[in-house]
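Everything on this sheet refers to the single structure shown next.
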Amino acid sequence: NFPVLIDGVYSYLANTANGGQVTSTNFAYDVGFYTNPNCSTGKMNWEQEKHATTTGTVSYWVKVASLSTTTNTTFYMCYGNPSITTDQSTATSVWDSNFQGVWHLKDGTTLGALDSTSNANNGTLTNTPTATAGQIDGAGGFVTASDQYADLGNPASLQITGNLTISAWIYLTAVGAAGDVDII
């Protein structure tokens, strides 16, 4: 149950109007991930974080059931099926119950703090932090002096006792004397 990131610019994943092979004009609904090369069975769970149909710029999180240390794990990206006209992704199924929250911070242009897990621990942006480019897709610029943050409230699923792991891409621009941190 490992989420694998597929991220990059692939011209063939632009829509057909822009020289690619994706038939959906918006949102790339016909892109999917499967365990079988003919894409008729073995549908996997994936989250479409980003897909720019004009350029083929993508960020997909694909849930791989198991990974081996000795054998390659193969799965297939399928696209170009004009009969698929609705979203086939299942974001909340990518992140299993071990994930209490996953926040991608949108696309670098518009900032959001929506939770991709089924816990729906969506954040509220306070004092207008700014959208900026991130290591993977978008990021948020949070300035301590402006008291900018994402308020996640106090949901039960985030009241964790015992061991936990937190993972984040953080770029510090300044650390204040009182331990305040400016993050972009």
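Residues: numbered from 1 along the sequence shown.
For Asp30 (side chain) and Tyr79 (main-chain N/O), no donor-acceptor pair under 3.5 Å exists by modelled atom type. Lys63 contributes a side-chain N or O that, together with a main-chain N or O of Ser93, makes up a donor-acceptor pair within less than 3.5 Å. Between the side chain of Gln88 and the backbone N or O of Thr85 there is no donor-acceptor pair closer than 3.5 Å. Between the side chain of Ser146 and the backbone N or O of Gln148 there is no donor-acceptor pair closer than 3.5 Å. Using modelled atom types, no side-chain atom of Asn121 and backbone atom of Pro155 make a donor-acceptor pair closer than 3.5 Å. With hydrogens and angles ignored, the 3.5 Å screen pairs a side-chain donor or acceptor of Gln159 with a backbone N or O of Asn154. In this structure, the side chain of Ser89 does not engage the main chain of Ala91 through any donor-acceptor pair within 3.5 Å. The closest donor-acceptor contact from the side chain of Asp87 to the backbone of Tyr29 lies at 3.5 Å or more, if one exists at all. Distance alone, capped at 3.5 Å, places no donor-acceptor pair between the Asn72 side chain and the Thr74 backbone. Looking at Gln48, its side chain never comes within 3.5 Å of a backbone N or O of Trp46 through a donor-acceptor pair.
How far OG1 of Thr117 is from CG of Asn98: 11.5 Å, rounded to the nearest 0.5 Å. Going from atom SG of Cys78 over to atom NZ of Lys43 covers 11.5 Å, rounded to the nearest 0.5 Å. With rounding to the nearest 0.5 Å, the separation of OG in Ser167 from CZ in Phe99 is 9.0 Å. Atom CG of residue Leu105 and atom OG1 of residue Thr110 lie 12.5 Å apart, to the nearest 0.5 angstrom. The structure places CH2 of Trp103 at 9.5 Å from CG of Asn122, a figure rounded to the nearest 0.5 Å. From Phe142, atom CZ reaches atom CG of Asn127 across 11.5 Å, with rounding to the nearest 0.5 Å.
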Side chain to side chain contact (heavy atoms under 4.5 Å, CB included) between Asn81 and Thr23, intermediate numbers included: CA-CA 7 Å; Asn81 183 344; Thr23 57; 5.5 Å; no

side-chain hydrogen bond (donor to acceptor under 3.5 Å, both in side chains) evaluation trace for Asp151 with Thr126: CA-CA 7 Å; Asp151 184 351; Thr126 301; 5.2 Å; no

Worked check of side chain to side chain contact (heavy atoms under 4.5 Å, CB included) between His104 and Asp137: CA-CA 8 Å; His104 299 298; Asp137 201 14; 5.8 Å; no

Worked check of side chain to side chain contact (heavy atoms under 4.5 Å, CB included) between Glu47 and Trp95: CA-CA 9 Å; Glu47 176 183 9; Trp95 311 100; 2.8 Å; yes

Audit row: Ser59, Asp7, side-chain hydrogen bond (donor to acceptor under 3.5 Å, both in side chains) steps and yes/no: CA-CA 4 Å; Ser59 294; Asp7 185 73; 2.4 Å; yes

Step-by-step ring pair (Phe, Tyr, Trp, His ring centres under 6.0 Å) determination, Tyr34 to Phe75: CA-CA 6 Å; Tyr34 295 82; Phe75 61 94; over 10 Å; no

Criterion side chain to side chain contact (heavy atoms under 4.5 Å, CB included) on Ile136 and Leu5, from CA distance to verdict: CA-CA 9 Å; Ile136 302 171; Leu5 175 64; 3.5 Å; yes

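By the neighbour-count criterion of 12 heavy atoms within 6.0 Å, atom CG of Leu164 is densely surrounded, having more than that number from other residues, nucleotides or ligands.
With contacts defined as side-chain heavy-atom distances shorter than 4.5 Å, the pair Ile6/Val4 qualifies. A heavy-atom distance below 4.5 Å is not found between the side chains of Val58 and Lys50.
Side-chain contact, Thr130 with Thr132: no donor N or O sits under 3.5 Å from an acceptor N or O. Between Tyr12 and Gln21, the side chains place no donor N or O within less than 3.5 Å of an acceptor N or O (distance only, hydrogens not considered).
When all heavy atoms of Tyr76 and Asn36 are compared, the pair lying nearest together is CD1-C, 3.6 Å. Contact detail for Gly140 and Leu111: the closest heavy-atom pair is CA-CD1, 3.7 Å. Closest approach of Ala139 to Ala133, counting heavy atoms only: CB-O, 3.7 Å. Shown here for Thr53 and Asn18, the closest heavy-atom pair between the two residues is O-ND2, 3.7 Å. The heavy-atom pair separating Ala14 from Thr55 by the smallest distance is CB-C, 4.0 Å. Nearest heavy-atom pair, Leu125 versus Ala150, reported as atom, atom and distance to 0.1 Å: CD2-CB, 4.0 Å.
When hydrophobic clusters are built by joining Ile, Leu, Val, Met, Phe, Trp and Tyr residues whose side-chain heavy atoms come closer than 4.5 Å, directly or via intermediates, Trp61 is grouped together with Trp169. Both Val22 and Phe33 are members of a single hydrophobic cluster when ILVMFWY side chains are connected at heavy-atom separations under 4.5 Å. Taken together through direct or relayed side-chain contacts under 4.5 Å among Ile, Leu, Val, Met, Phe, Trp and Tyr, Met77 and Val64 form part of one hydrophobic cluster. Neither Met44 nor Val102 shares a network with the other; the hydrophobic side chains, linked directly or stepwise wherever heavy atoms of I, L, V, M, F, W or Y lie under 4.5 Å apart, form separate groups for each.
Pairs of residues two or more places apart, or lying in two chains, never qualify as salt bridge (charged side-chain N to carboxylate O under 4.0 Å, His left out) while including a residue from residues 100-129.
The aromatic rings of Tyr60 and His51 sit perpendicular to each other, their planes meeting at more than 60°, with 30° as the lower class boundary.
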